[in-house]
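The structure appears right after this line, and notes come after that.
What you see below is based on every heavy atom in this structure, not just the backbone, and it leaves out hydrogens, waters and symmetry mates.
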Amino acid sequence: MAQKHIIYDGKTGQTTVVDYTAEEQAAYDDYNSTAKVNARKLEQIKEIRLEKLKATDYMANSDYTMPDYIKTWRQSLRDLPANNDSSKYDALLARTNGVLTHAIWKQPTE
């Protein structure tokens with residue numbers, strides 16, 4: 001389906017709807033290809049994972065004993081890309097009221 005631009009002329013107050021050019025449509029289709037959408041979702045997952053890992057990095061210091069449940073959780077975070085294919089990305093990124101809902105993101109308390 002051809003995408004459209006809405007062009008607004010501030011002088012006349014008129015709007016005009018025009019189809020994308022072939023080049024614009026090709027760029028739009030490329031950006032929204034399944035492979036590129038999945039790559040962007042995976043990048044988001046990796047960024048969230050990194051934030052979660054950084055939040056518990058202090059536990060890896062030599063003067064702190066990291067609990068086993070945190071070690072296990074951190075390993076699960078590191079294994080996310082290998083253990084989840086693109087069909088699971090939406091579930092990993094799901095949010096309710098801006099809060100990630102997948103259980104993997106919640107830091108365990110024991």
_Spatial distance of atom CD1 (I48) from atom CD (E43) [nearest 0.5 Å]_ = 10.5 Å

*Starting at OG1 of T72, measure out to CG of L77 and round the result to the nearest 0.5 Å.*
11.0 Å

*Short question: side chain of H5, backbone of I7 - any donor-acceptor pair under 3.5 Å?*
no

_Nearest atoms (heavy-atom pairs only) where T15 meets Y8_ = CG2-CD1, 3.5 Å

*Starting from the C-alpha separation in whole Å, work towards a yes-or-no answer on side-chain contact (heavy atoms from CB on, under 4.5 Å) for W105 and L80.*
CA-CA 11 Å; W105 302 122; L80 273 175; 3.4 Å; yes

*Which value, rounded to the nearest 0.5 Å, describes the distance between Q44 atom CD and L100 atom CG?*
9.5 Å

*asked:* Which residue is it: N83, L92, I45? I am looking for the one with a side-chain contact (heavy atoms from CB on, under 4.5 Å) to I104.
replied: L92

*Using the test side-chain contact (heavy atoms from CB on, under 4.5 Å), find all partners of R40 that sit at least two apart in sequence or belong to another chain.*
Y31, N32, K36, V37

_Does this structure show an ion pair linking R74 with D57, if we count only N-O contacts that are shorter than 4.0 Å?_
yes

*Indicate if Y58 and M66 have the same hydrophobic cluster label, given that clusters are the connected sets of ILVMFWY residues with side-chain heavy-atom separations under 4.5 angstrom.*
yes

*Quick one: does T21's side chain have a donor or acceptor within less than 3.5 Å of a partner on E24's backbone?*
yes

*Shortest non-hydrogen contact from W73 to K52?*
CH2-CB, 3.9 Å

_When you compare the side chain of P81 with that of K46, does any pair of heavy atoms fall below 4.5 Å?_
yes

*asked:* How close do M59 and Q107 get, counting heavy atoms only, and between which atoms?
replied: CE-NE2, 4.0 Å

_Using a 6.0 Å cut-off, check whether atom CD of Q75 has over 12 heavy atoms from anything other than its own residue._
yes

*Answer yes or no: is there a donor N or O on one side and an acceptor on the other, between the side chain of T101 and the main chain of A94, under 3.5 Å?*
yes

_With clusters defined by side-chain heavy atoms of hydrophobic residues (ILVMFWY) lying less than 4.5 Å apart, directly or transitively, does Y64 cluster with Y69?_
yes

*Check for a donor-acceptor pair, side chain of N61 on one end and backbone N or O of D63 on the other, with a separation under 3.5 Å.*
no

_Separation between CZ of R78 and CG of L50, rounded to the nearest 0.5 Å_ = 12.0 Å

_For a quick test of reading the model, state the closest non-hydrogen atom pair linking Q25 to A2 and the distance between them._
OE1-CA, 3.4 Å

*Does L42 belong to the same Ile/Leu/Val/Met/Phe/Trp/Tyr cluster as L53, with side-chain heavy atoms less than 4.5 Å apart forming each link?*
yes

